[in-house]
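As the structure is a computational prediction, the values presented were derived from the model and not from experiment. Whatever order the structure lists them in is the order used to number ligands and atoms, beginning at 1.
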Amino acid sequence: MYTQSMSVPDEAGSRTVQPLALSEPAERMARFDACIDADGRIEPQDWMPEAYRKTLVRQISQHAHSEIVGMLPEGNWISRAPSLKRKAILLAKVQDEGGHGLYLYSAAETLGTSRDQMLDALHSGRAKYSSIFNYPTLNWADVGVVGWLVDGAAIMNQVPLCRCSYGPYARAMVRVCKEESFHQRQGYEALLVMMRGTQAQRDMVQDAVNRWWWKCLAMFGPPDSDSPNSGQGMRWGIKRVSNDDLRQQFVDATVPQAKVLGVSLPDPLLKWNEERQHHDYGPIDWDEFWNTVNGNGPCNKERLATRVKAHQDGAWVREAALAHARKQEQRRMKEAA
Ligand code: FAQ
């Protein structure tokens with residue numbers, strides 16, 4: 001879909017394409033700003049400031065990495081799902097996450113960065129991915145809670161990205177959000193079934209909620225006051241809603257869902273604030289969050305090692321695909337000659 005990275009013109013290329021109308025940097029900048037101010041879309045062939053391009057590559061590639069690393073905690077449970085039905089659902093969900101990674105790498109490639117470069121940054125530990133995937137999934141209830149809370153948080157964050165100013169990212173997010181919605185529902189439904197089961201099952205669900213709740217709140221990123229990228233990201237229409245506002249929306253949406261499920265959320269300070277018309281909630285442990293983001297969470301090393309091994313193990317598939325493409329091309333050339 002968006003795999004034309006090799007034909008995306010670089011800055012010099014775009015100068016040769018539009019030499020008359022947009023020869024001056026100030027003029028190009030003004031046109032870009034006007035498009036952003038009018039809530040328009042920037043497309044791969046359009047001129048864009050280097051900082052805008054870099055910000056998008058950073059965010060989209062981190063997002064892509066999160067999707068494919070995010071396959072790992074749940075992937076561990078495919079062979080241990082409690083029934084054929086649950087196994088089929090989980091298999092479909094984990095495959096979807098892989099697909100999301102592919103749409104997102106493709107969207108990032110339109111900005112002139114190759115997939116190899118992005119994967120190299122991930123595998124060498126230079127690139128970030130979501131903190132949430134560095135925690136272990138200890139039992140089957142964790143799989144349900146990941147669907148309910150992690151996918152729920154992901155949807156809250158990603159729906160506004162469908163209106164991102166960069167066209168390929170916005171369009172990729174439309175499909176991603178539809179699929180995330182199924183992911184959230186399947187997690188919630190799996191938990192509902194467990195909550196109607198035995199006391200031991202209900203305890204497992206509550207324990208999983210206790211372990212994941214605060215990590216999910218941190219997933220939205222640092223508070224707005226400590227978020228260095230937010231101001232510019234919002235100005236450029238990449239981010240539409242701030243980290244704190246999304247976190248608040250998530251808390252407000254999740255409290256009634258927890259009630260229906262019959263679990264409590266592990267925050268003694270969580271309560272409805274009539275004046276604000278929102279829930280108040282307790283302090284998030286940001287030291288723990290940064291420790292995890294900086295590579296020292298419980299599963300960071302394991303996740304990265306698994307990714308690197310999967311990439312190495314898949315080398316023969318990539319080589320075979322390239323050899324096949326070369327053969328096809330040679331055949332076409334021969335026929336055309
Ligand atoms: N983990 O200035 P800000 C999913 C970093 S997909 C790690 O606020 P920004 C699907 C941030 O990168 C989940 N790092 O940054 C699924 C920045 O570092 P940098 C991923 C984090 O970009 C479900 C620094 O902190 N979703 O779950 C995190 O304006 C189930 C300062 O932060 C996306 O990526 C974090 N949680 O806002 C899959 C959505 N938060 O780059 C499988 C797209 C912040 O300067 C199973 N991304 N950082 O070195 C975004 O919306 C934004 O990039 C934010 C961060 C909101 C994540």
Report yes if the side chains of [X] and [Y] come closer than 4.5 Å at any heavy-atom pair, otherwise no.
X    : Y    : value
P44  : Y166 : yes
L161 : V176 : no
K128 : H65  : no

CA sep, side-chain torsions, deciding dist, call: N273, H278, side-chain hydrogen bond (donor to acceptor under 3.5 Å, both in side chains)
CA-CA 6 Å; N273 182 324; H278 288 295; over 6 Å; no

Selection residues 159-170 - residue pairs positive for salt bridge (charged side-chain N to carboxylate O under 4.0 Å, His left out), sequence neighbours left out:
none

Hey, which residues fall under 4.0 Å of ligand 1 on heavy atoms?
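Near ligand 1, by chain and number: R58, Q59, Q62, H63, S66, E67, G70, E74, K93, E97, K128, Y129, S130, S131, F133, V150, D151, A154, N157, Q158, L161, Y169, E180, M219, F220, G221, P222, S227, P228, N229, S230, K239, N243, F289, W290, V293.
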
In terms of hydrophobic clusters joined by side-chain contacts under 4.5 Å, are L102 and L104 together?
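Not linked; separate clusters.
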
